[in-house]
Undergrad: 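Mind having a look at this structure? Questions to follow.
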Amino acid sequence: MTAAELANRFDHSTESLHIIQRWDDAKCWHAEVNTDRKPFSVVIPPPNVTGALHLGHGLNNTLQDIIIRMKRMQGFETLWMPGTDHAGIATQAVVERRLREDESLTRHDLGREKLVERIWKWKDQYETRILGQLKRMGCSCDWDRVRFTMDDQCAAAVRATFFDLFSKQWIYRGKRLVNWDTFLQTAVSDDEVKNVSIKGHFWHFRYPVIDPRAGDPSHVEIATTRPETMLGDTAVAVHPNPAKALDEVEKELLQKLKEANEKDADEIQSQIDSLQARRKSMLPQLEHLAQMASEGRMLRLPLVDREIPLIADVWAKPELGSGCVKITPAHDPNDYEVGLRQDLPMINILNPDGTINAEGATYEGLTIKKARVKVVEDLEAAGLLGDIEDRDIELPTSDRSKTPIEPFLADQWFVKMQDLAQTAMDAVIDERVEIFPTRYRKGYLDWLGEKRDWPVSRQLWWGHQIPIWSINDLTDEDGNELIAKIRELPQYASGNIKEQLSESEDATFEVAVCIRDEDAETESAIEALGLVRDPDVLDTWFSSALWPHSTLGWPANTPELEYFYPTGTLITSRDIITLWVARMVLMGLNNLDEIPFHEVYIHSKILDGQGETMSKSKGNGVDPIEVIDKFGPDALRFGLAYLATETQDVRLPVQYECPHCSKTIEQTKKNRSAPTVPCKACGGIFSTQWAESEADKAHPKGAVISERFETARNFVNKLWNASRFTLMNLEGYQAQPVEYASLGLEDQWLLSRLSSVTKTVTESFEHYRFADAARTLYDFAWDEFCSFYVEISKPRLDDPETRARTQSVIAHALDTLLRLLHPIMPFVTESVWSHLGEAAPVRGLASPVQANEFTMLADWPTANESHHNENIEKQFREFAEIVGAVRKIRSSQNIDRKDVVPIAVRCTNESAQRLQPMKPSLESMAACELRTLGPQAGPFEVDAPSSLSSLDIDVHVDLEQFIDIKAELGRLEKLLDNTVKMITAKEKKLANENFVSRAPAEVVDKERESLGDLVKQRESIAIDIKRLRSRM
RNA sequence: GGGCGAUUAGCUCAGUUGGUUAGAGCGCCACGUUGACAUCGUGGAGGUCAGAGAUUCGAGUUCUCUAUCGCCCACCA
């Protein structure tokens, strides 16, 4: 195909698939251990197989690919490790929901094996889709090395790690209050719990005092937002010294009042007033109750008819409610602490499914909701119900199942964090691991600093099953005997088994063993001894924490591990710094005694038009494929890189594209949650969601896109057409050395700019300033390469004198531009590159060389410092400003595009000499005819002048044939007005003694000089105005 | 409650160490299809840089306070 036959638009839809094929055929993305080169590696933050990727992933992976592609071009042996995460609870939750909605089945109907089978199918389906999305985005992962957090290699790493921690006695089992998801029937971590504000009530109850003495109240009043938990109450607490506690609160308030501003003061004052009122009305009674508590007096818990103590504990705040608080240690985190402190019984009243168990007496079998109603009713009937207040309640809700969380006492496995956390803190403190932007260090260090043990067991079926076999309730003797038997097993000698013996609270023994390597024989030997495998699986972050080394083959000591570990950079989003990044650091250090990566870059987040994060559940998630279909993969990538600045999250207003008429409809909170939306333009109904069931497919899906990618798409097109121009003009191109000194001003200017741009872009990428790099390239390519160099080159290419050198320069410039743009826009650059390879296979200035077949594998440009020349750039600016000045006058005079205007340019002899060779370009770009150039060039009879600020140049346009005096007068008067304003401002500034004496001389001189120029301009404008007026 | 970030044109965002007249894209207005590009070109309109105060000869930029928005962490019987 000849250059002239290329379409005037880049056909991304067919071309990008073709290019992916070429990269695949040549395996351009593949990395091997190669000791001749330096390695550079990145592990992908493995996307969850929960669902398809959205634009947040789009950004994350674009940024990684940019770094990877640049490093590859810089000559590193570059590995980008791809893969996906099994995402335990999240994936099981979606599959279970689907099961329930489509087949009305629960996981228990299916059984563990069948459910896990289903989830594997889901995983296969979404893994394929996710990897396909990444490929279409152009991600240059090593597709021969795709991993999954639950594949055999990762599983082996999980077992080895767990075994090691178990051997170090950093794994232990404990009863802990966990966040229980009654729908999924599993504990979820604190991070998976979100508080939702709802309207609720605050119920007041009265518990009778047993055998009240003289002066005792007959009842103690407490209040709760969760009435049903009273079934598990094991005490009521009152503050041991309410007077003192009230004093302290008052003192605090008074202190606050002192510091408060006027507005808050009223509020605080009223708090103090009510506190004092409370002291008056309630203190004697509270003190009496505290006294009763110290005497060990008992209360009768209604409904279940249990005797519970009145205790003294500081948890009871005398300034709140009745001053007394019910204690339910098994179902409330704070009460749990009180329970431990006061050695109270802990009564769990719930079954795992959220119904009341046998401890709840007659309420057994009721759901929490029903039990709540009945408890209130029964208390009312018993005359023990007090006031009911309305109240806003922060309800802890499972992020996974969207159902309320019940605090629940359960057995869980924990990892001790004391030592592990410290190592990960040290790595960041001494900057072996650097986090960018640095403000994220604090969160990382604070979180690790708490050194809270990590609960790692999950009551799920999807995940790495905990490799622990155990048996409980052994006598001292049996326990020791069992241990002896275990130690006699042949596998014990080979180090595959580690045992642990521990005494539990009731003085019976528990034996637990951990098996390192998966091995049926060992497992059955252990099971033959009566031990049973723990049904729980590990927290999904456990396997993710190993990702940088498990993917490289650990625990085997593979050459890849040796060569590619530690990895170079981790690129991720801020919400998993603690959950994932911190844990990778500590696990890497634990397993290999080496950090997992040198640098961490935290990028911004993508928000929708309302400023909310994108998520599938909100319906505002954008599938990168929909953007690619409409705008192309390069536009997607460039658009994201261009918008992703360091401090700002990217707000991306989102539209639906009507599948019937292709019009776009702005997405709103309202229409995004609707399943179908009518098109405003054509009235056609379309669906806003991916069809999940047959019924949903009644209406075609409207693609969710964002017009923010239009700019980027246009840029791709601009580049494509500038390339097309170049290719069309390379006919007869001969590779030959070009001497710098023989080049024209415009050539030298372009090379100088190219040198700066190369430097800026390289530095920007290396410092993760993606938006800076994208902007620099956009501005250079559009405003300098296209608008100036290409335009100037037109007459040059027509002139046999200058054609050859211009071909060399433009081919070289395009070549460099393609390389620089390649990491951001791999497709269009690769496409142009292959055409350029046909037209000019050997390129370069001083010593042309054969270009690589792929841009992707070409060398990264290095800035040629000797080409950088400020003076050339300044001289070129003279030319550029003259063009601008003529165009401005033409436009204000409404001169027809086809009419050529005569001009004169007054300037120094020096400038004239430089500008003379630019004459053809000046004339073609400004549609003018340069009549005179030099110190003598003066105004025409009918003249439109323009003084170029800070340059000693005046441009004159001969308006004899075109004059629109009124328009020209208007232009000049406006100009004069502006000039006068600036003069006034500057005069004022220079009259300021302080400025003149204190500002650096440089700055003052500059001001004086510019004032002088302005005054000259003002005079010449005034003269022109006068002359024009005389002609009216 | 603690921490972090943001607030610049109608919209989405740049603005390096304080220094001429605060920029870009989209949108808007006017003109224009000349052989790279109408996904384009040329020109234009549009901003008291959230508010107040401080430092300075000089503040979008530094400091303090206030307001609004967002995120993270903790807590709320």
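Note on naming: letters A, B, ... go to the chains in the order of the sequence lines (proteins, then strands), and numbering restarts at 1 for each one.
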Undergrad: If I pick the C1' atom on rC69(B) and the same atom on rG53(B), what distance separates them, to the nearest angstrom?
TA: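 rG53(B) and rC69(B) have their C1' atoms separated by 23 Å.
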
Undergrad: Here's one to test your reading of the geometry: is the NZ or CZ of Lys718(A) within 45 degrees of the ring axis of Phe10(A) and under 6.0 Å from its centre?
TA: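 No, Lys718(A) and Phe10(A) do not form such a contact.
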
Undergrad: So Tyr778(A) and Phe715(A), would you call those rings parallel, tilted or perpendicular, with 30° and 60° as cut-offs?
TA: tilted

Undergrad: Contact between Leu379(A) and Trp203(A) at the side-chain level, heavy atoms closer than 4.5 Å - yes or no?
TA: no

Undergrad: Calculate the interatomic distance between Asp387(A) atom CG and rA77(B) atom P; express it in whole Å.
TA: 17 Å

Undergrad: Do Glu450(A) and rA74(B) share a donor-acceptor pair, side chain to base, under 3.5 Å?
TA: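 It does not, because no donor-acceptor pair links the side chain of Glu450(A) to the base of rA74(B) below 3.5 Å.
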
Undergrad: Taking the same atom, C1', in rC11(B) and in rG27(B), what whole-Å distance lies between them?
TA: 8 Å

Undergrad: Taking the P atom of each, how far is rU8(B) from rG3(B), in whole Å?
TA: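 Their P atoms lie roughly 25 Å apart.
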
Undergrad: Whole-Å distance between rG25(B) P and Leu652(A) CG?
TA: 19 Å

Undergrad: Any Lys/Arg nitrogen of Arg713(A) or Asp634(A) sitting under 4.0 Å from an Asp/Glu carboxylate oxygen of the other?
TA: no

Undergrad: Need one value for Lys630(A): base, sugar-phosphate or nothing, where a base atom within 4.0 Å counts as base even if backbone is also close, heavy atoms only.
TA: nothing

Undergrad: Classify the nucleic acid contact of Trp720(A) as base, sugar-phosphate or nothing, counting any heavy atom under 4.0 Å across all strands shown.
TA: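 Touches nothing.
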
Undergrad: So, do Leu922(A) and Ile882(A) sit near enough that their side-chain heavy atoms are less than 4.5 Å apart?
TA: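 Side chain of Leu922(A) against side chain of Ile882(A), heavy atoms only: contact under 4.5 Å found.
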
Undergrad: Just call it for Arg651(A): base, sugar-phosphate, or nothing, with non-hydrogen atoms closer than 4.0 Å on any strand.
TA: sugar-phosphate

Undergrad: Under 3.5 Å, which protein N or O atoms sit close to an N or O of nucleotides 14-17 of chain B? Give each pair with its distance.
TA:
| from | atom 1 | to | atom 2 | distance (Å) |
| --- | --- | --- | --- | --- |
| rA14(B) | OP1 | Thr645(A) | OG1 | 2.2 |
| rA14(B) | OP2 | Gln648(A) | NE2 | 3.4 |

Undergrad: Calculate the interatomic distance between Leu777(A) atom CG and rG25(B) atom C1'; express it in whole Å.
TA: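 Result: 16 Å.
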
Undergrad: For the side chain of Phe202(A), counting heavy atoms from C-beta on, which of rA77(B), rC37(B), rA24(B) is nearest?
TA: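 Nearest to the side chain of Phe202(A) among the choices is rA77(B).
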
Undergrad: Could you tell me the separation between the CG atom of Asn717(A) and the P atom of rG25(B), rounded to a whole number of Å?
TA: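 Distance check: Asn717(A) CG to rG25(B) P gives 16 Å.
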
Undergrad: Starting from C1' on rA6(B), measure out to CG on Leu607(A) and report it in whole angstrom.
TA: 11 Å

Undergrad: Could you work out the separation of rU56(B) and rU64(B) based on their C1' atoms and round it to a whole Å?
TA: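 16 Å, rounded to whole Å.
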
Undergrad: Using atom C1' of each nucleotide, how far apart are rU48(B) and rG1(B) to the nearest Å?
TA: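 Rounded to whole Å, the distance is 37 Å.
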
Undergrad: Between rC72(B) atom P and Ile602(A) atom CD1, what is the distance in whole Å?
TA: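 It works out to 14 Å between those atoms.
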
Undergrad: Tell me: CG of Asp446(A) to C1' of rG3(B), nearest whole Å?
TA: 8 Å

Undergrad: Is any side-chain nitrogen or oxygen of Lys888(A) closer than 4.0 Å to OP1 or OP2 of rG44(B)?
TA: yes

Undergrad: Please tell me whether Lys326(A) and Thr229(A) have a donor and an acceptor in their side chains that are separated by less than 3.5 angstrom.
TA: yes

Undergrad: Is the closest side-chain donor-acceptor distance between Ser723(A) and Asn721(A) under 3.5 Å?
TA: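 No, because no side-chain N or O of Ser723(A) sits under 3.5 Å from a partner of the opposite role on Asn721(A).
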
Undergrad: Would you find more than 12 non-hydrogen atoms of other residues, nucleotides or ligands less than 6.0 Å from Glu731(A) atom CD?
TA: no

Undergrad: Could you tell me whether the phosphate oxygens of rG44(B), OP1 or OP2, come under 4.0 Å of any side-chain nitrogen or oxygen in Arg887(A)?
TA: no

Undergrad: Using atom C1' of each nucleotide, how far apart are rG47(B) and rA9(B) to the nearest Å?
TA: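 Between the two C1' atoms, the distance is 5 Å.
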
Undergrad: C1' atom, rG25(B) versus rC63(B): distance in rounded Å?
TA: 34 Å

Undergrad: Does Ala722(A) reach a base, just sugar-phosphate, or nothing at all? Heavy atoms under 4.0 Å.
TA: base

Undergrad: Looking at Tyr642(A), does the NZ or CZ of Arg775(A) lie under 6.0 angstrom from its six-membered ring centre and within 45 degrees of the ring axis?
TA: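 Yes, Arg775(A) sits over the ring of Tyr642(A).
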
Undergrad: Are any of Lys442(A)'s side-chain N or O atoms less than 4.0 Å away from OP1 or OP2 of rC73(B)?
TA: no

Undergrad: Base, backbone or nothing for each nucleotide of nucleotides 26-32 of chain B, written B, S, -, heavy atoms under 4.0 angstrom, 5' to 3'?
TA: ------S

Undergrad: Of all heavy-atom pairs between Gln342(A) and Ala312(A), which one has the smallest distance, and what is that distance?
TA: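 That closest heavy-atom pairing would be NE2-O, 3.0 Å.
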
Undergrad: Could you tell me how far rC4(B) sits from rU66(B) if I compare only their P atoms? Round to whole Å.
TA: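 Nearest-Å result for rU66(B) against rC4(B) at atom P: 15 Å.
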
Undergrad: Determine: side-chain N/O of Trp782(A) to OP1/OP2 of rU39(B), distance under 4.0 Å, yes or no.
TA: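 No, no such contact exists.
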
Undergrad: Treat a base pair as Watson-Crick or G-U wobble with both distances under 3.5 Å, then lay out RNA chain B in dot-bracket form, 5' to 3', with | for cross-strand pairs.
TA: (((((((..((((.....[...)))).(((((.......))))).....(((((..]....))))))))))))....

Undergrad: Does either side chain, that of Gln807(A) or that of Asn729(A), offer a donor lying less than 3.5 Å from an acceptor on the other one?
TA: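 No - no donor-acceptor pair under 3.5 Å links their side chains.
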
Undergrad: Under the criterion side chain to side chain contact (heavy atoms under 4.5 Å, CB included), I'd like the reasoning laid out for Val980(A) against Arg1018(A): C-alpha separation, chi angles, the key distance, then a yes or no.
TA: CA-CA 7 Å; Val980(A) 167; Arg1018(A) 180 184 61 190; 4.0 Å; yes

Undergrad: Give a yes or no on whether Lys759(A) atom NZ has more than 12 heavy-atom contacts from other residues, nucleotides or ligands under 6.0 Å away.
TA: no

Undergrad: Between Lys718(A) and Val650(A), name the one whose nearest nucleotide on RNA chain B is closer to the 5' end.
TA: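 Counting from the 5' end, the first nearest nucleotide belongs to Val650(A).
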
Undergrad: If you assign Arg713(A) and Arg574(A) each to the RNA chain B nucleotide with the nearest heavy atom, which residue ends up on the more 5' nucleotide?
TA: Arg713(A)

Undergrad: Under the criterion side chain to side chain contact (heavy atoms under 4.5 Å, CB included), I'd like the reasoning laid out for Phe770(A) against Ser764(A): C-alpha separation, chi angles, the key distance, then a yes or no.
TA: CA-CA 6 Å; Phe770(A) 299 95; Ser764(A) 297; over 6 Å; no

Undergrad: Mind calculating the distance between CD1 (Ile882(A)) and P (rU42(B)) to the nearest angstrom?
TA: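 These atoms are roughly 18 Å apart.
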
Undergrad: Could you tell me whether Glu221(A) contacts a base, only the sugar-phosphate backbone, or nothing, with contacts defined as non-hydrogen atoms closer than 4.0 Å?
TA: nothing

